[in-house]
Student: 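First the structure, then my questions, so here it is.
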Amino acid sequence: MRNRKLLGWGELILGVLLILLGIYTFANPATAVTGVTVIYGVFALVTGILDIVYYVKLEQRTGFGPVFSLVGGILSIIAGILILFNLSVGTWVLVVLFPIWFIAHCIARLAHLPFIRLSAGNGYYYFTLVVNILGLLLGLLMIFNPVLSFISVGYLIGMYLLFLGIDSLVFALTLLNSHR
C-alpha cells in the first residue's frame with residue numbers, strides 16, 4: 001500500500017509537470033524547440049527512470065517484467081542524456097529523437113497495461129490504451145514526415161505532453177485513491 005502511494009505521488013508530480021510543460025509549449029512553440037531543450041532532456045530521463053522502476057516493481061510482484069518497459073526506459077534515458085549533452089543540436093534532437101522516444105515510451109506504457117488493469121481497473125486501462133496508441137501514431141507520423149515534424153514539432157510535442165500529463169494524473173489519482 002505504501003509503495004502504491006509513493007508511486008502515485010511520483011506520477012502526480014510528473015503529470016502536473018508534463019501538463020505545465022505542454023501548456024508552455026503550446027503558448028511558445030517557436031521558442032519551445034530551442035528554449036526548453038534541457039527540460040525535455042530531464043523529462044526524458046525521468047520517464048525513462050520511471051519505466052525502469054515499473055519494470056522492476058512488476059518483476060518483483062509477478063516474477064516477470066515487460067521487456068518493452070525496460071527497453072523503453074533505457075531508450076528514454078539515452079535520449080535524455082543526448083539532449084542534455086548536445087544542446088547546440090537540440091532542435092534536430094527534438095525532430096529526430098523525440099519520435100523515437102514517443103514510440104519507445106508508448107510501447108513501454110502499453111507493456112504496463114496488465115499491471116494497470118490489476119491496479120487501476122478497466123477505465124484507466126482503456127484510457128491508457130487509447131492515449132498510447134495515439135502516441136505511437138504521432139511518433140510514426142513524425143518519423144515518416146520529418147518536414148512536418150520540424151515545422152510543427154512544438155505543437156506536436158505540446159499535444160503529446162498534455163496527453164502524457166493527463167495519463168499520469170489519472171494513474172496517480174487512481175493509485176492514491178486505491179484501497180486495495
Side-chain angles (χ1 to χ4, degrees), residues 1-26 39-80 98-143 155-180:
M1 179 84 158
R2 183 174 181 268
N3 287 339
R4 184 177 291 184
K5 295 286 185 186
L6 288 174
L7 184 60
W9 282 108
E11 280 289 325
L12 181 69
I13 292 167
L14 179 63
V16 169
L17 291 174
L18 286 169
I19 288 173
L20 291 173
L21 187 58
I23 291 169
Y24 176 80
T25 302
F26 267 117
I39 295 171
Y40 287 129
V42 170
F43 274 113
L45 281 171
V46 169
T47 57
I49 291 167
L50 285 176
D51 284 341
I52 292 171
V53 167
Y54 285 135
Y55 169 81
V56 170
K57 292 289 184 189
L58 196 55
E59 175 92 18
Q60 289 173 346
R61 291 184 93 191
T62 64
F64 67 93
V67 175
F68 286 120
S69 182
L70 179 62
V71 171
I74 291 169
L75 288 175
S76 291
I77 289 171
I78 290 170
F98 259 31
I100 294 168
W101 175 61
F102 281 4
I103 291 168
H105 184 73
C106 288
I107 290 171
R109 280 295 224 195
L110 289 170
H112 299 152
L113 285 176
F115 173 71
I116 288 170
R117 181 174 261 169
L118 286 173
S119 64
N122 285 334
Y124 182 66
Y125 169 85
Y126 289 115
F127 179 78
T128 300
L129 179 68
V130 169
V131 166
N132 287 288
I133 288 173
L134 289 173
L136 280 174
L137 294 174
L138 179 60
L140 290 172
L141 175 69
M142 290 172 70
I143 283 177
Y155 292 112
L156 291 172
I157 291 170
M159 179 178 67
Y160 188 66
L161 288 170
L162 287 172
F163 282 143
L164 277 178
I166 292 167
D167 183 49
S168 290
L169 280 180
V170 171
F171 188 42
L173 293 174
T174 303
L175 289 173
L176 291 172
N177 291 328
S178 176
H179 297 294
R180 293 181 194 178

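Quick caveat: nothing in here was measured; it's all calculated off a predicted structure.
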Student: Looking only at non-hydrogen atoms, find the nearest pair between Ala79 and Ala44 and report the distance.
Tutor: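 Minimum heavy-atom contact is C-CB, 4.4 Å.
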Student: So, taking the atom named CG in Leu110 and the one named CG in Leu136, what distance separates them when rounded to the nearest 0.5 Å?
Tutor: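 One finds 5.5 Å between CG of Leu110 and CG of Leu136.
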Student: For Val71 and Ile107, run side-chain contact (heavy atoms from CB on, under 4.5 Å): C-alpha distance rounded to whole Å, both residues' side-chain angles, the deciding distance at 0.1 Å, then the answer.
Tutor: CA-CA 9 Å; Val71 171; Ile107 290 171; over 6 Å; no
Student: Can you check whether Leu20 reaches Tyr24 side chain to side chain, under 4.5 Å on heavy atoms?
Tutor: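 Side chain of Leu20 against side chain of Tyr24, heavy atoms only: no contact under 4.5 Å found.
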Student: To the closest 0.5 Å, what do you measure between NZ (Lys57) and CG (Leu50)?
Tutor: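 It comes to 11.5 Å.
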Student: Taking the side chain as C-beta and beyond, is there a heavy-atom pair between Ile143 and Ile103 under 4.5 Å?
Tutor: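 The answer is yes, as the side chains (C-beta and beyond) meet within the 4.5 Å cut-off.
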Student: Could you walk me through whether Ile77 and Ile52 pass the side-chain contact (heavy atoms from CB on, under 4.5 Å) check?
Tutor: CA-CA 10 Å; Ile77 289 171; Ile52 292 171; 3.6 Å; yes
Student: Which distance, rounded to the nearest 0.5 Å, do you find between the CG of Asn132 and the CZ of Phe163?
Tutor: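 Here the rounded value is 11.0 Å.
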Student: For the residue pair Val170 and Thr174, what are the closest heavy atoms and their distance?
Tutor: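 Shortest heavy-atom separation between Val170 and Thr174 comes out as O-OG1, 2.7 Å.
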Student: Which word best sums up how the rings of Tyr124 and Phe171 line up, parallel for under 30°, tilted for 30 to 60°, or perpendicular for over 60°?
Tutor: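 Parallel, since the angle between the ring planes stays under 30°.
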Student: Looking at Gly48 and Ser76, what are the two nearest heavy atoms and their distance?
Tutor: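 Result for this residue pair: CA-CB, 3.4 Å.
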Student: What distance do Leu129 atom CG and His112 atom NE2 have between them, rounded to the nearest 0.5 Å?
Tutor: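 It comes to 14.0 Å.
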Student: What is the distance from atom CZ of Phe115 to atom OG1 of Thr128, rounded to the nearest 0.5 Å?
Tutor: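 One finds 11.5 Å between CZ of Phe115 and OG1 of Thr128.
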Student: Determine the minimum heavy-atom distance between Ala108 and Gly72, stating which atoms define it.
Tutor: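 Smallest heavy-atom distance, with atoms named: CB-CA, 4.3 Å.
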Student: Testing Thr47, Asp51, Asp167 for side-chain hydrogen bond (donor to acceptor under 3.5 Å, both in side chains) with Arg109, which one passes?
Tutor: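 Checked Thr47, Asp51, Asp167 against Arg109; only one passes side-chain hydrogen bond (donor to acceptor under 3.5 Å, both in side chains): Asp167.
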Student: Dump the intermediate steps for side-chain contact (heavy atoms from CB on, under 4.5 Å) on Ser168 and Leu18, then the final yes or no.
Tutor: CA-CA 9 Å; Ser168 290; Leu18 286 169; 4.2 Å; yes
Student: Nearest heavy-atom pair of Phe26 and Gly158: which atoms, and what distance?
Tutor: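 What the structure gives for the nearest pair is CE1-C, 3.5 Å.
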Student: Out of curiosity, Ile166 CD1 to Leu161 CG, how far, rounded to the nearest 0.5 Å?
Tutor: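 Separation between the atoms: 11.0 Å.
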Student: Do Leu70 and Glu59 pass the side-chain contact (heavy atoms from CB on, under 4.5 Å) test, and can you show the C-alpha distance, the side-chain angles, and the key distance before you say yes or no?
Tutor: CA-CA 11 Å; Leu70 179 62; Glu59 175 92 18; over 6 Å; no
